[in-house]
Amino acid sequence: MHTSQPSERERLERAAADVRRFSDRVPKVALVLGSGLGAWADTLEDRVVIPFGDITGMPQSGVAGHAGNLVLGTAEGVSVVTMQGRVHMYEGHPPDDVVFGLRLMLHLGAKTVFITNAAGGIGDHLDVGDLMLIEDQLNLTGKNPLVGPNDDQMGPRFVDMTTPFDVELRHLAAEGAKALGFDVKRGVYVGVLGPSYETPAEIRMYRTLGGDAVGMSTVLEVVAARHMGARVLGISCITNKAAGLGHETLTHADVQEVAERVRERFVALLGAVLRRLL
Ligand code: HPA
């Protein structure tokens with residue numbers, strides 16, 4: 001098949017060449033940070049900040065003033081790369097664009113991915129403000145970033161998803177939390193399209209299906225990361241009780257407020273895991 005569109009790998013190689021004009025750092029860990037955690041990138045040592053606009057093919061969020069940056073640097077002695085700004089499917093971006101930043105970070109050399117998000121708690125064991133280590137996921141977006149021609153150099157056509165989230169990384173995170181003096185929960189993350197929050201009936205359905213927390217990100221990135229052979233740590237910040245389980249209506253402002261409140265603990269946990277990777 002011949003098309004005038006560049007293949008996904010050509011697109012990645014072009015973007016990586018742009019990044020390499022700024023930095024030759026080979027990161028060990030890539031971090032995809034959810035609501036409220038983007039500022040963490042400002043704390044990296046030996047930081048190199050690359051505006052998305054300087055990276056060919058990098059999708060940008062339509063929101064003015066939130067163009068985004070790719071940031072390389074060192075955290076807890078570990079070489080890392082992260083994104084400030086992330087595009088979601090609910091903004092209208094196709095799956096390939098949603099996972100492009102993650103693929104780029106892996107293409108730069110990262111073999112380990114930390115993915116964080118804000119999520120609504122479904123499981124009775126989850127309270128607002130909890131951090132939940134993601135043990136498995138339900139991709140209910142109806143989309144998959146691997147649809148289309150497969151590039152065998154990037155990964156296999158049919159990707160094993162038996163262990164989407166790495167057991168050892170989860171263990172390190174639990175250990176890290178214990179050392180910091182707090183508990184982490186565990187559970188299954190349900191990834192939905194959004195942008196409307198769920199109805200109470202949908203939440204009852206997700207509970208029946210085995211879901212513990214629900215959010216509008218992460219699941220496509222996990223598929224793309226496993227395709228490229230990276231190991232994944234996923235952590236949800238439970239910012240609210242899912243629809244129908246709490247007493248209030250859901251607002252983005254409330255989600256942001258709780259995410260902000262948990263931020264310090266969340267960042268400390270990420271640091272504790274990074275230290276344990278040394
Ligand atoms: N539903 C979907 N996404 C979310 C939620 C929720 O309750 N909370 C934070 N992100």
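Along the sequence shown, residues carry numbers from 1. Just follow the structure's listing: the first ligand is 1, and inside any ligand the first atom is 1. Small disclaimer: the values here were computed from a predicted structure and weren't measured.
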Inset, instruction - Output the list of atoms in ligand 1 that are nearer than 4.0 Å to some heavy atom of Val214, sorted by atom number. - result: 1 (N), 2 (C), 3 (N), 4 (C), 5 (C), 6 (C)
Inset, instruction - State the atoms of ligand 1, each with its element, that fall below the 4.0 Å cut-off from a heavy-atom position in Asn240. - result: 5 (C), 6 (C), 7 (O), 8 (N), 9 (C)
Inset, instruction - Could you tell me whether some N/O pair between Tyr197 and ligand 1 is separated by less than 3.5 angstrom? - result: no
Inset, instruction - Provide the number and element of each atom of ligand 1 under 4.0 Å from a heavy atom of Glu198. - result: 1 (N), 2 (C), 6 (C), 7 (O)
Legend entry - Per-residue contact class, Ala119 against ligand 1 - non-hydrogen pairs under 4.0 Å: backbone
Legend entry - Minimum-distance protein heavy atom relative to atom 9 (C) of ligand 1: Thr239 OG1, 3.4 Å
Inset, instruction - Below 4.0 angstrom from a heavy atom of Ala118, which ligand 1 atoms are there? Numbered from 1 as shown, please. - result: 9 (C), 10 (N)
Inset, instruction - For Arg25 and Ser79, test the side chains for any donor-to-acceptor distance below 3.5 angstrom and give the result as yes or no. - result: yes
Inset, instruction - Please indicate whether His171 has more than 12 foreign heavy atoms, meaning atoms of other residues, nucleotides or ligands, lying under 6.0 Å from its NE2. - result: no
Inset, instruction - Could you tell me whether the side chain of Arg276 and the main chain of Ala272 form a donor-acceptor pair under 3.5 Å? - result: yes
Inset, instruction - Identify, for atom 3 (N) of ligand 1, the protein heavy atom at the shortest distance, and state residue, atom and that distance. - result: Gly215 CA, 3.4 Å
Inset, instruction - Could you tell me whether a side-chain N or O of Asp130 sits under 3.5 Å from a main-chain N or O of Asp127, the two making a donor and an acceptor? - result: yes
Legend entry - atom 5 (C) of ligand 1: nearest protein contact (heavy atom, Å): Gly120 N, 3.4 Å
Inset, instruction - Say whether Asp42 and Gln84, considering side chains only, have a donor N or O and an acceptor N or O under 3.5 Å apart. - result: yes
Legend entry - Sole residue of Arg103, Arg9, Lys143 in salt bridge (Lys or Arg N to Asp or Glu O under 4.0 Å) with Asp96: Arg103
Inset, instruction - Give a yes or no on whether the backbone of Val219 and the side-chain of Gln137 come within a donor-acceptor separation of less than 3.5 Å. - result: yes
Inset, instruction - Within a distance under 4.0 Å of any heavy atom of Leu250, pick out the atoms of ligand 1 and give their elements. - result: 7 (O)
